[in-house]
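Some notes on the structure that comes next.
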Amino acid sequence: MDRTLAVPARGEPAWRRLTRTWETTTVSETAFGRLLGLFVLLVIVVSAAGLAHGAVAQTFLLIFSSIVIEALPFILVGALASAAIAVFLPERAFGSIARLPLALQIPCAALGGFAFPVCECGSVPVARRLIARGVHPGAGVTFMLAAPVINPVVLASTWVAYGGHLRAAEMVGGRASLGLLAAAAGGLAIGRTRSAELLRPRATAHAEHDHSRSPAAFSSHLVSDFLFMGKFIVLGAALSAFVQATVPQSLIAKLGGTPVLAALSLMAVAYVLSLCSEADAFIAASFTSFTPGAQLAFLVLGPIADMKLTVLYSATFRGWFVPRLLLATVPLIVAGSLVFGVIIR
């Protein structure tokens, strides 16, 4: 991408200039590393000096740290997979996949998520790389949405969280089934869009066309993807922590009286909490005042859309992506949770 895109237009609002700068490599990897190190140092100093003894400050620091610590290892795994795809997978492999009918690409992509044991943070750079290399956007999005819901680690954690008995089997089956349906719906909603209309240009886009298979090329892709996604994880974690620290959770708990409101309220909680999909089942099982159907809605929406993912999606895809994704998946998840609640009675 031409770096002149990062030059602010005359009269452009300050907030838009800041957003443009954040989304391009004008904020270099070195600069971001220094800013992140400075932020971590500030957190340590504030904690050591006893300046964060207030309940809100402690909650913010705890939630922010937990989200970042949970997410960054999976961002690294996703960046490793993305770099391996870019450097070592031959171009003809993507040509073969891209020539398949969309009706075949989408279910194969959804089931392919079963073999990719990472959470939602790690699947984003992989999906971007697949789409950039020729896989249909609908299939790439389907894979991105399915992988964090149906991979074996997530399903095993769901089984353990619900006690390993009949209820656990019901929740695992419901999560896998509704997760696959929601992922396919999201992929179909995006499926009519060309990759150039879906992916947001990056100032480092030249790296996606560097087909050298040297270790240096692999390292370059790895560092670029990890730091690109990492800065948005930090931003999304800070936003999620701020909301959780300032909004009373009791306000949401009061909405659990009816099935539809219960499902919508727990979906809102999942969006705000921004949990890793490998750990969210333990939180869902703790909502004992809500129906299993509402808990299922929490488990399916969280890996598809939350605060940190919204920031990641905004950095990776065009601005219309998130609204279209929510319109395609939220009604389906609510309906599926209601059907699930009727079936398991």
For a quick test of reading the model, state the closest non-hydrogen atom pair linking [X] to [Y] and the distance between them.
X      : Y      : answer
Leu198 : Pro137 : CD2-CB, 3.6 Å
Pro148 : Ser123 : CD-OG, 4.1 Å
Met144 : Ala127 : CB-CB, 3.5 Å
Arg324 : Ala189 : CD-O, 3.2 Å
Asp280 : Ser277 : OD1-O, 2.9 Å
Ile344 : Pro292 : CD1-CB, 3.4 Å

Open item on the list: Please list all pairs meeting ring-ring contact (aromatic ring centres under 6.0 Å, His included) that have one or both residues in residues 145-173, counting only residues at least two apart or in different chains.
Closed with: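 Sorted pair list comes back empty.
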TODO: Quick one: which residue pairs count as a ring-ring contact (aromatic ring centres under 6.0 Å, His included) with a foot in residues 304-338, not counting sequence neighbours?
DONE: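 Residue pairs passing ring-ring contact (aromatic ring centres under 6.0 Å, His included), neighbours aside: Tyr313-Phe321, Phe317-Phe321.
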- [ ] Give me the one residue out of Val149, Leu301, Val300, Leu299 that meets side-chain contact (heavy atoms from CB on, under 4.5 Å) with Leu178.
- [x]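 Looking at Val149, Leu301, Val300, Leu299, the match for Leu178 under the side-chain contact (heavy atoms from CB on, under 4.5 Å) is Val300.
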Which atom pairs, donor and acceptor, lie under 3.5 Å between side-chain atoms of residues 325-340 and protein residues at least two apart or in another chain?
residue : atom : partner : partner atom : Å
Thr329  : OG1  : Leu325  : O            : 2.8
Ser337  : OG   : Ile333  : O            : 3.4
Ser337  : OG   : Val334  : O            : 2.7

TODO: Check the hydrophobic clustering (I, L, V, M, F, W, Y; side-chain heavy atoms under 4.5 Å; chains of links allowed) and say if Phe282 and Val172 are grouped together.
DONE: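 Same hydrophobic cluster.
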Task: Same cluster (ILVMFWY, side-chain, under 4.5 Å), Val141 and Leu181 - done: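 Not linked; separate clusters.
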Open item on the list: For residues 179-191, which residue pairs pass the side-chain hydrogen bond (donor to acceptor under 3.5 Å, both in side chains) check, not counting sequence neighbours?
Closed with: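 Checked against side-chain hydrogen bond (donor to acceptor under 3.5 Å, both in side chains) - neighbours excluded - no pair reaches residues 179-191.
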Open item on the list: Taking side-chain hydrogen bond (donor to acceptor under 3.5 Å, both in side chains) as the definition, give me every residue that meets it alongside Thr310, ordered by chain and number, with sequence neighbours left out.
Closed with: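 side-chain hydrogen bond (donor to acceptor under 3.5 Å, both in side chains) list for Thr310, sorted by chain: Tyr271.
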Task: Gap separating the CE atom of Met307 from the CG atom of Leu273, nearest 0.5 angstrom - done: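 Answer rounded to 0.5 Å: 9.5 Å.
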Task: Between CZ on residue Arg175 and CG on residue Leu180, distance to nearest 0.5 Å - done: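 Atom-to-atom, Arg175:CZ and Leu180:CG are 12.0 Å apart.
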- [ ] Report the residues that fulfil side-chain contact (heavy atoms from CB on, under 4.5 Å) with Ala109, sequence neighbours left out, ordered by chain and then residue number.
- [x]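 Applying side-chain contact (heavy atoms from CB on, under 4.5 Å) to Ala109 gives Ala139, Thr142, Phe143.
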Task: Contacts of Arg167 that satisfy salt bridge (charged side-chain N to carboxylate O under 4.0 Å, His left out) - sequence neighbours left out - done: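 Testing Arg167 for salt bridge (charged side-chain N to carboxylate O under 4.0 Å, His left out), a comparison that skips the adjacent residues, returns Glu170.
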Open item on the list: Test question: given the 4.5 Å side-chain rule for I, L, V, M, F, W and Y, name all other residues clustered with Val342, or answer none.
Closed with: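 Once heavy-atom contacts under 4.5 Å are chained together, Val342 still belongs with nothing else.
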